Amino acid sequence: MKIKNVPKEFTEAKPVMEQLETAGFEAYFVGGSVRDLLLNKAIHDVDIATSAYPEEVKAIFPRTVDVGIEHGTVLVLHEEDQYEITTFRTESTYQDYRRPDEVTFVRSLEEDLKRRDFTINALAMSQDGVIVDLFSGMDDLDRKLIRAVGEASERFNEDALRMMRAVRFASQLGFSIEDETLNAIHLNKALLSKISIERVQIEWIKLLLGHDRKLGLVSFIDTGCYEYCPGFADKKEKLQALCDTSSTPFVDEAQAWALTLCFLEINPNDAKRFLKKWKLSNNLMKRITLILSALNWRQENEWTNEWLFNVGKENASLIEQSMVYFDRPFDVLETEKRYDQLVIKTKQDLAVDGQLLIQATGKSAGPWLGEMLNNLQLKVLDGELSNDQAELLSYAKK
Ligand code: ATP
Ligand code: MG
């Protein structure tokens, strides 16, 4: 098959491909970009694979950066653009169910495509649009199937992360996992415990943010992958409840996590301990915990100015919109309007600060100061006091 109108993300790379070919090497677009092109999806970054060895690639192009030379990847800078060019390679002897012990550079495209995870990810395209499909990846795209290249169980034994990749692609693409591949996941799920949590986490969040979240979650639960994810093992029913919510896609990582914790019935006080096991950044854990508290609260109450002030506008609309997952009525525009009408949006907007309060009262600093500032903030938010320096100071003195 030949693609007639190759999109510009690929044609822009043509000069780079041609230089490799002129030097006597093969060069192909590979992986996700070819898959997404055939699915008419937006193309992110195009990956190029070549028969040239890394040193040969570097000899051809004047501007290169070694980004992963031990894996065969060289970054080639061409005009305004940059391309990751990776030498065809095979991976051998996986002893720890993750990452190969050794990668071997080879001259054969076929060998390179063989080591890829799924048939839909093992397609290649030449610079003039001819598709190389050695494992019936095009049929699987038509049938919307995720199928391991070769013997599924063997492939998951080589690299257990592929099992998480299967369920995340199901969610992102709206594909089913082919039976044999699905059985192999079920059989090998325990190997997931060998994989670093950082890598599992990336796939898990991609699953949650996918357009067909339910499809991914169903496989994640039914195959038992969830049993090998931190904090999920004894929570099958609760994960199922998350799976059964509205199919509206989640907006971002923080919302996705907060909703997960909410359905797992994790208390905001325990959220950090839970999320630490997933090795999330402190900032993200903080935001998730805030959203989780507000989600719990908003399910039972209408917004107050104080809550709006505390969560901020972006989180407030996110939380409001999240009511859809609890089958509760919600109004995002009205929530944003109410936020916009707050007299103060940050602590700095208050017409007095600690220094002024100390001067005005003649008292020395102490715990009373924070309490007073909070109190004034609340009264201003609720309209009991106006945000006026004189008025606030006179109230404080009393
Ligand atoms: P995305 O759109 O998320 O980037 P992708 O298919 O491009 O999806 P990448 O993780 O960027 O996924 O990997 C690029 C390609 O490398 C894949 O399409 C696949 O061919 C191969 N690949 C990546 N990870 C693995 C793995 N663990 N095992 C085998 N092949 C892999
Ligand atoms: Mg990619």
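Model, not experiment: these values are computed from the prediction. Every number for a ligand or one of its atoms is a count from 1 in the order of the listing.
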### Task
Kindly determine whether W303 and Y339 satisfy ring pair (Phe, Tyr, Trp, His ring centres under 6.0 Å), including the steps that lead there.
CA-CA 10 Å; W303 285 106; Y339 180 88; 9.5 Å; no
### Query
When you check the side-chain N and O atoms of E336 and S317, is any donor under 3.5 Å from an acceptor?
yes
#### Entry: G31: numbered ligand 1 atoms lying under 4.0 Å from its heavy atoms
18 (O)
### Query
Do any non-hydrogen protein atoms sit less than 4.0 Å from atom 4 (O) of ligand 1?
no
### Protein heavy-atom partner closest to atom 2 (O) of ligand 1 - residue, atom, separation in Å
R35 NH2, 3.3 Å
### Query
For ligand 1, which atoms sit closer than 4.0 Å to a heavy atom of F169?
6 (O), 8 (O)
### Query
Which atoms from ligand 1 have a heavy atom of K206 less than 4.0 Å away?
3 (O)
### Exam field: side chain D331 to backbone E334, donor-acceptor pair closer than 3.5 Å
yes
### Query
Can you find an N or O of D36 that's nearer than 3.5 Å to an N or O of ligand 1?
no
### Query
Should the heavy atoms of other residues, nucleotides or ligands under 6.0 Å from CD of E198 be counted, would the total exceed 12?
yes
### Query
Hey, is F156 touching ligand 1 through its side chain, its backbone, both or neither, going by heavy atoms under 4.0 Å?
neither
## Note on the structure
Between M138 and M1, the two heavy atoms sitting closest are CE-SD, 3.0 Å
### For D159, the ligand 1 atoms whose distance to one of its heavy atoms is below 4.0 Å
26 (C), 27 (N)
### Message
Among R162, E203, E91, which one puts a heavy atom closest to atom 28 (N) of ligand 1?
### Response
R162
### Task
Return the residue, atom name and 0.1 Å-rounded distance of the protein heavy atom closest to atom 13 (O) of ligand 1.
R165 NH2, 3.8 Å
#### Entry: E84 side chain to T73 side chain, donor-acceptor N/O pair below 3.5 angstrom
no
### Message
Please determine whether side chain to side chain contact (heavy atoms under 4.5 Å, CB included) holds for the pair N296 and E300, giving the CA-CA distance in whole Å, both sets of side-chain angles, and the decisive distance to 0.1 Å.
### Response
CA-CA 7 Å; N296 289 339; E300 309 293 330; over 6 Å; no
### Query
In the protein, which heavy atom is nearest to atom 19 (C) of ligand 1, and how far is it?
D117 OD1, 3.6 Å
### Task
Identify the protein heavy atom lying closest to atom 14 (C) of ligand 1, giving its residue, its atom name and the separation to 0.1 Å.
D47 OD2, 4.2 Å
### Query
Does a donor on one side chain and an acceptor on the other come within less than 3.5 Å for N283 and S281?
no
### Query
With only distance considered, is N121 within less than 3.5 Å of ligand 1 through an N or O on each side?
yes
### Task
Could you tell me whether R107 sits above the aromatic face of Y53, with NZ or CZ closer than 6.0 angstrom to the six-membered ring centre and within 45 degrees of the axis?
yes
### Task
Looking only at protein heavy atoms, identify the closest one to atom 15 (C) of ligand 1 and say how far it is in Å.
R116 NH1, 3.7 Å
### Query
At a 4.0 Å threshold, what atoms of ligand 1 neighbour a non-hydrogen atom of G32?
5 (P), 6 (O), 7 (O), 18 (O)
### Task
State whether a side-chain donor-acceptor pair under 3.5 Å links N188 with S153.
yes
#### Entry: Result of checking K313, E320, R338 against L308 for side chain to side chain contact (heavy atoms under 4.5 Å, CB included)
R338
### Query
Which ligand 1 atoms, with their elements, are less than 4.0 angstrom from a heavy-atom of R115?
29 (C), 30 (N)
### Query
Under 4.0 Å from atom 11 (O) of ligand 1, do we find at least one protein heavy atom?
no
